[in-house]
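First up is the structure itself, then whatever we jot down about it.
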Amino acid sequence: QVQLVESGGGSVQAGGSLRLSCAASGRTFNSYNMAWFRQAPGKEREFVASMYWDSGATDYGDSVKDRFTISRDNAKNAVYLQMSSLKPEDTAVYYCAATHYYPVTRGIDYWGKGTLVTVSS
């Protein structure tokens, strides 16, 4: 069992930066692939970024490539999403996710409750 709690959301102007954090509980955290998804009002949940536990390889959605960076600290049971050059279309609830699937878009085992990011123009 893994529990995920996101933090770091808030309001920012376009062009600004935010860093989201995801605190994970559970002894097996280190063996899960971790990911971030987001859901904007009236839209489906969208893949943002992932990091695989064994290789450390990362993957990003096309809309956030070169602007967002995912990282993890296994010693702290934490995953981060550094967001830069934010745009109004990045406004969404951001969810932390843990999964054993490859790639992560095949399925998610655990979801956090989300943190809201609002980007104003």
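Just so it is clear, the structure is predicted and the values come from calculations on it, not from any experiment.
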Would a hydrophobic clustering, with Ile, Leu, Val, Met, Phe, Trp and Tyr connected at side-chain separations under 4.5 Å, put [X] with [Y]?
X    : Y    : answer
V48  : L86  : yes
Y94  : V12  : yes
Y110 : F47  : no
Y32  : I108 : no
L20  : I70  : yes

Determine the minimum heavy-atom distance between [X] and [Y], stating which atoms define it.
X    : Y    : result
L4   : W111 : CD1-C, 4.1 Å
S21  : Y80  : OG-CD2, 3.4 Å
S121 : A14  : CA-CB, 4.3 Å
A24  : V2   : CB-CG1, 4.3 Å

Taking atom [atom1] of [X] and atom [atom2] of [Y], what is their separation to the nearest 0.5 Å?
X   : Y    : atom1 : atom2 : result
D59 : T105 : CG    : OG1   : 8.0 Å
M34 : M51  : CE    : CE    : 11.0 Å
W36 : S50  : CH2   : OG    : 13.0 Å
R38 : E44  : CZ    : CD    : 14.0 Å
L18 : L81  : CG    : CG    : 9.5 Å

I want to check something: taking the side chain as every heavy atom from C-beta on, are [X] and [Y] in contact at a cut-off of under 4.5 Å?
X   : Y   : result
P41 : K43 : no
M83 : S17 : no
T69 : T58 : no

Ring geometry between Y102 and Y52 (parallel below 30°, tilted from 30 to 60°, perpendicular above 60°): parallel

Check whether any side-chain N or O of [X] sits under 3.5 Å from a backbone N or O of [Y] as a donor-acceptor pair, and report yes or no.
X    : Y    : value
T91  : V119 : yes
D109 : H100 : yes
E6   : C96  : yes
T115 : G9   : yes
R67  : S85  : yes
E46  : Q39  : no
N33  : W53  : yes

- request: Answer yes or no: does atom CG of D66 have more than 12 heavy-atom neighbours from other residues, nucleotides or ligands under 6.0 Å?
  value: no

- request: Check ring pair (Phe, Tyr, Trp, His ring centres under 6.0 Å) between Y60 and all other residues, then give those that pass, not counting sequence neighbours.
  value: none

Charged N-O contact under 4.0 Å between D90 and K87: no

field: Ring-face cation contact, Y95 with R45, 6.0 Å cut, 45° max
entry: yes

